[in-house]
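For reference, the structure discussed in these notes is given below.
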Amino acid sequence: MTDQPVTTFAPLPEGDAPRYDFRSAEPHWQRAWAMAGCFHVSDLPDDGRPKYYVLEMFPYPSGKIHMGHVRNYTLGDVVARYKRARGFSVLHPMGWDAFGLPAENAARERKVHPAQWTWDNIAAMRAELKRMGLSLDWEREFATCDPLYYGQQQRLFLDMLRAGLAERKESWVNWDPVDGTVLANEQVIDGRGWRSGALVEKKKLSQWFLRITDYAPELLAALDGLDRWPERVRLMQANWIGRSEGARLRFDLTEPVAGIGDVEVYTTRPDTLFGMSFLAIAPEHPLASHIAGQNPAAAAFIAECRRLGTSEAAIEATEKQGFDTGLRVRHPFEPERSFPVWIANFVLMEYGTGAIFGCPAHDQRDLEFARKYGLPVVPVVLPPGAADPRQGAVEKAYDGPGTMIGSGFMDGLATEVAKAAAIARIAQLGMGSGVTNWRLRDWGVSRQRYWGCPIPVIHCAQCGVVPVPDEQLPVRLPEDVSFDRPGNPLDHHPTWKHVACPACGQPARRETDTFDTFVDSSWYFARFCSPKSSAPVDRDAADRWMPVDQYIGGIEHAILHLLYSRFFIRAMRQTGHVGIDEPFQGLFTQGMVTHESYRGADGRWLYPGEVDIQADGVARHRETGEAVTIGRVEAMSKSRRNTVDPGAIIDRFGADTARWFILSDNPPERDMQWTEAGVAGAFRFTQRVYRLAESVALMAASANVPDTFSSVALELRRAAHRAVVSVTAALESFAFNVAVARIYALATAIADSERPTTDDAAGLAWARREAMEIMARLMAPMMPHLAEAVYKKLVPDAADMVAQRPWPEADLALAAADVVTIAVQVMGKLRGTIAMPTGAAANAVLAAAEAEPNVARLLEGKRVVKRIHVPDRVVNFVVAG
RNA sequence: GCGGGCGUGGUGGAAUUGGCAGACACGCCAGAUUUAGGUUCUGGUGGCGCAAGCCGUGGGGGUUCAAGUCCCUCCGCCCGCACCA
């Protein structure tokens, strides 16, 4: 499977100490699980067990796994193995998010075909993942770049097209003029294309969109039902969807231009209409474009705005700028008054209607704009308890609630009442109406890239957009493509795009854009239910397995992937492919894996493997001996070289050690720090557990439960059954670090029981075996290989494996203590403890507490006015004076 | 600016949800075993104090018999969104 590592690391004792050889044990048990089919489930099982679908976000096949993957897949595997032991039929699949830009970059830079590069990477990463001992059903594996997958995606798209959920429309996009492609917002850095370095332009292009906005209300409302999602993620999605209540209203131009008679505005503050002093439109607004056609100065202003864009950095640096068009609009309530129309760089075409009315007194942006261009500032909202604001200059726009002034029919009304009154008047005048506005925009899925799923349509001069007929699916990517030229290789291909129109038979052109790779990842979890199906999903299999009960991944997907998937599953519901609303019932977002960073004397970053840290904390270069500066603990990244290769860790310490350490360090939702000392500690524990198992196995124990146990044996049994209770609770609540701590405690309890007792050899031997076997099963979700080795040591002729055994049952009566320690307080301060039988009566406990010497001393001569008794926990005496 | 989260020993963290703060681990100290050891084992380890004891969960205030936990207030750090009208 893998080469035996060559390493000089030898942390184990010589001599006769037993030694757990993970290098042979881990591959052995991995083979045994595979041969027994422990982790395979069928699409439509008939086993009577409840289903449980646990899924980790599938990886992009970059070629190597990193520690983030190790953490992600270890967390998922703990859940999968635990749920399986609890009697669930567990679906736990793995696949590859295989389309994307890096493959094309590799093709350009290394002259290797994207498909070759991708499949090689998949093979390498599959081998690495298999070494981790994950309980995956590998029979379900697929890659999104396989036509068997993306062909089904094309079917889904065509169904959506027929259902009106997909459409082609013009929109403003980020355009890289050098690479000749659209870029996602994330690929624009400081206004420049991330590859070409060219200034990105705003360009109006015809692109494919999925109508996610149709589902905006439902996507928002359903967040409330996702009670097993982190609050943080739900809030982020709610903000992204961005519902706001307001009004749309029309402002008539005093003199219409070229058929444009009015400008529509969206506002959340119709109550402040009487404070208006200007109207502003976005540089991309149709009216602005029209004006630019006649006015070179306006055209120049718009071009400048377009060049600067609206990136965060640009906004910080750019002050508000405007261009007075000379046009004027009438006030909707007072048609005799009119206001200037400006083109303003701070108005966004994408939000609302791309036009606003400016009310400087009650909006900070409008105020800054008005100050710059000498426009009036007219307060119309009086803050509660404030004097008339017209007395002085307005320092800062007041955007809070208050009482209306100078606002005609609204005078004296409270802000919220005034909003309703303004909307009613607008509607009555036929100028507009109250509306709900959404920040969410339709999802542009067209990409001018080769390595993606072809969009299955044909453009015909006669028939327009024609879907590729079913029998011609999948539309396969051509293999003979050239990356010599910038731009989209599909568009450059000599023959691929030239096809006959399926409708009229005339020469037509195949769509050469491919889908955004987020489309691929928006339904893969549904495909896992029936990965071989000739339909996108087998409806029965989807009904059986969906939704995903527990999804696990990084917080970086809080919006994009998770929101797209929530939309996609609804679109699939609408087109009859699934019967559910939400794809992911439970979501867990893990923290990042971090590490110290190191820099050499010349400032270059060094890998942890190049650095030796001495006992005094001084760091030196392993080979040159030069001084090394220890930097901050940061997320592992290639650029800082503070990465640790999981493969090397598994070579040196084994998969169980890596899994155990990554779980033990801290709660999984927080960032964890990878440390050499931590790994070494985890490794020592694996050895300790195995030695313990050997010592337990050496004591012959009878098959039958002994009649009596000594107190030492009974205490061990109690510790074991308590561990079952506490580890179970910890795993249920994702407190894996606590589960680890409880197992450490059980190991110590077993070790402590080793002292020989003459009176109860049989009982102790039996109790130690029981405890050790319980421990093997409790640690199996985290250290599955070691658990098997321990079990085999205890029961050499066992017919089954831990992976096939149920979760241990706690004997609750045994786990319950018969004696408890009760804290005794005087005036709320701890003054002593007493041991009492569990559930002892209040009067008995209070009497014993009062008799406790130190307590008795403190109560001497005092009058006790109150006695608090919390059963089995605490007693508190309140004394007078 | 808006929204959210977090502050507990030298370190990561635990605390049955208002009931013995510091479980468990790392590190450190002491001792034992070993031909050395990133080996194994034993004991110790919040601070001050010889001690009884006092102090202690970012600071201050409050509620309560009892507060890491609840309330108010301030400080610090982290994350997300952001000319969203």
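A, B, ... follow the sequence lines: proteins, then strands. Residue 1 opens every chain.
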To the nearest Å, give me how far apart [atom1] ([X]) and [atom2] ([N]) are.
X      : N     : atom1 : atom2 : value
A/R670 : B/G7  : CZ    : C1'   : 10 Å
A/D399 : B/A82 : CG    : P     : 19 Å
A/E676 : B/C26 : CD    : P     : 15 Å
A/N666 : B/C6  : CG    : P     : 15 Å
A/N239 : B/G5  : CG    : P     : 13 Å
A/M672 : B/G12 : CE    : P     : 13 Å
A/K419 : B/A85 : NZ    : P     : 10 Å
A/Q237 : B/G4  : CD    : C1'   : 15 Å

Rounding to an integer number of angstrom, what distance separates [N] and [M] when you compare their [atom1] atoms?
N     : M     : atom1 : answer
B/A67 : B/G61 : C1'   : 14 Å
B/G18 : B/C65 : C1'   : 12 Å
B/C71 : B/G5  : P     : 12 Å
B/G49 : B/U40 : C1'   : 37 Å
B/G22 : B/U57 : P     : 14 Å
B/G46 : B/A25 : P     : 15 Å
B/G56 : B/C75 : P     : 23 Å
B/G80 : B/C74 : C1'   : 25 Å

Less than 4.5 Å apart, any side-chain heavy atom of [X] and any of [Y]?
X      : Y      : answer
A/N437 : A/R243 : no
A/L830 : A/V824 : no
A/L226 : A/V233 : no

Which is true for [X] with a 4.0 Å heavy-atom rule: it touches a base, it touches only sugar-phosphate, or it touches nothing?
X      : result
A/Y266 : base
A/V878 : sugar-phosphate
A/T267 : sugar-phosphate
A/T675 : nothing
A/I868 : base
A/D363 : nothing

From [options], nucleotide with atom closest to [X] side chain:
X      : options             : answer
A/R691 : B/C83, B/C81, B/C41 : B/C41
A/N345 : B/A82, B/C83, B/G3  : B/C83
A/D752 : B/A25, B/U42, B/G19 : B/U42
A/A741 : B/G19, B/A23, B/A85 : B/A23
A/K866 : B/C65, B/C41, B/C83 : B/C65
A/T833 : B/A14, B/G80, B/C20 : B/C20

Specify the residue among A/S244 and A/N737 whose closest nucleotide of RNA chain B lies further upstream toward the 5′ end.
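Its nearest nucleotide lies further toward 5', so the answer is A/N737.
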
Taking for each residue the nucleotide of RNA chain B with the nearest heavy atom, is it A/G681 or A/Q673 whose nucleotide lies nearer the 5' end?
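With A/G681 and A/Q673 compared, the 5'-side residue is A/Q673.
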
[X] vs [N]: side-chain N/O to OP1/OP2 distance below 4.0 Å:
X      : N     : result
A/R684 : B/G38 : no
A/Y351 : B/A85 : yes
A/R232 : B/G3  : no
A/R365 : B/G1  : no

Describe, in one word, how the ring planes of A/Y373 and A/F369 are oriented to each other, choosing from parallel (under 30°), tilted (30 to 60°) and perpendicular (over 60°).
tilted

Plane angle bin for A/Y744 and A/F685 - parallel if under 30°, tilted between 30 and 60°, otherwise perpendicular:
tilted

When you measure from the side chain of A/D262 to the backbone N and O of A/F251, does any donor-acceptor pair fall under 3.5 Å?
no

Using only atom types and a distance under 3.5 Å, with no angle test, would you say the side chain of A/R873 pairs donor to acceptor with the backbone of A/T821?
no

Below 3.5 Å is the cut-off: list the nitrogen or oxygen pairs between protein and nucleotides 15-18 of chain B, distance only.
unit_1: B/U16; atom_1: O2; unit_2: A/R873; atom_2: NH2; d: 2.8
unit_1: B/U16; atom_1: N3; unit_2: A/R873; atom_2: NH1; d: 2.8
unit_1: B/U16; atom_1: N3; unit_2: A/R873; atom_2: NH2; d: 3.3

Syn/anti state for [N] [syn: chi within 90° of 0]:
N     : result
B/U17 : syn
B/G9  : syn
B/A66 : anti

Go ahead and write out RNA chain B as dot-bracket, 5' to 3': ( ) for pairs within the strand, [ ] for ones crossing earlier pairs, | when the partner sits on another strand, dots for unpaired; Watson-Crick or G-U wobble, both distances under 3.5 Å.
(((((((..(((......[....)))((((((.......))))))(((....)))..(((((..]....))))))))))))....

If you compare all heavy atoms of A/L249 against all heavy atoms of A/P332, which two are closest, and at what distance to 0.1 Å?
CD1-CG, 3.6 Å

Do NZ/NE/NH1/NH2 and the carboxylate oxygens of [X] and [Y] come within less than 4.0 Å?
X      : Y      : result
A/E245 : A/K419 : no
A/E231 : A/R234 : yes
A/E264 : A/R250 : no
A/R718 : A/E715 : yes

For residues 729-738 of chain A, dump all side-chain donor-acceptor pairs below 3.5 Å to protein atoms at least two apart in sequence or in another chain.
unit_1: A/E732; atom_1: OE2; unit_2: A/Y82; atom_2: OH; d: 2.6
unit_1: A/S733; atom_1: OG; unit_2: A/A729; atom_2: O; d: 3.1
unit_1: A/S733; atom_1: OG; unit_2: A/A730; atom_2: O; d: 3.3

Contacts table for residues 270-279 of chain A: side-chain donor-acceptor under 3.5 angstrom, sequence neighbours left out:
unit_1: A/D271; atom_1: OD1; unit_2: A/R269; atom_2: NE; d: 3.1
unit_1: A/D271; atom_1: OD2; unit_2: A/R269; atom_2: NE; d: 3.3
unit_1: A/D271; atom_1: OD2; unit_2: A/R269; atom_2: NH2; d: 3.0
unit_1: A/T272; atom_1: OG1; unit_2: A/R269; atom_2: O; d: 2.9
unit_1: A/S277; atom_1: OG; unit_2: A/P376; atom_2: O; d: 3.0

Tell me which donor-acceptor pairs under 3.5 Å the side chains of residues 669-681 of chain A have, and how far apart each pair is, sequence neighbours excluded?
unit_1: A/D671; atom_1: OD1; unit_2: A/M592; atom_2: N; d: 2.8
unit_1: A/T675; atom_1: OG1; unit_2: A/G678; atom_2: N; d: 3.0

Would you tabulate the pairs of protein nitrogen or oxygen atoms and nucleotide nitrogen or oxygen atoms of nucleotides 48-55 of chain B closer than 3.5 angstrom?
unit_1: B/G53; atom_1: OP1; unit_2: A/R857; atom_2: NH2; d: 3.4
unit_1: B/C54; atom_1: OP1; unit_2: A/R831; atom_2: NH2; d: 3.2
unit_1: B/C54; atom_1: OP2; unit_2: A/R831; atom_2: NH1; d: 3.2

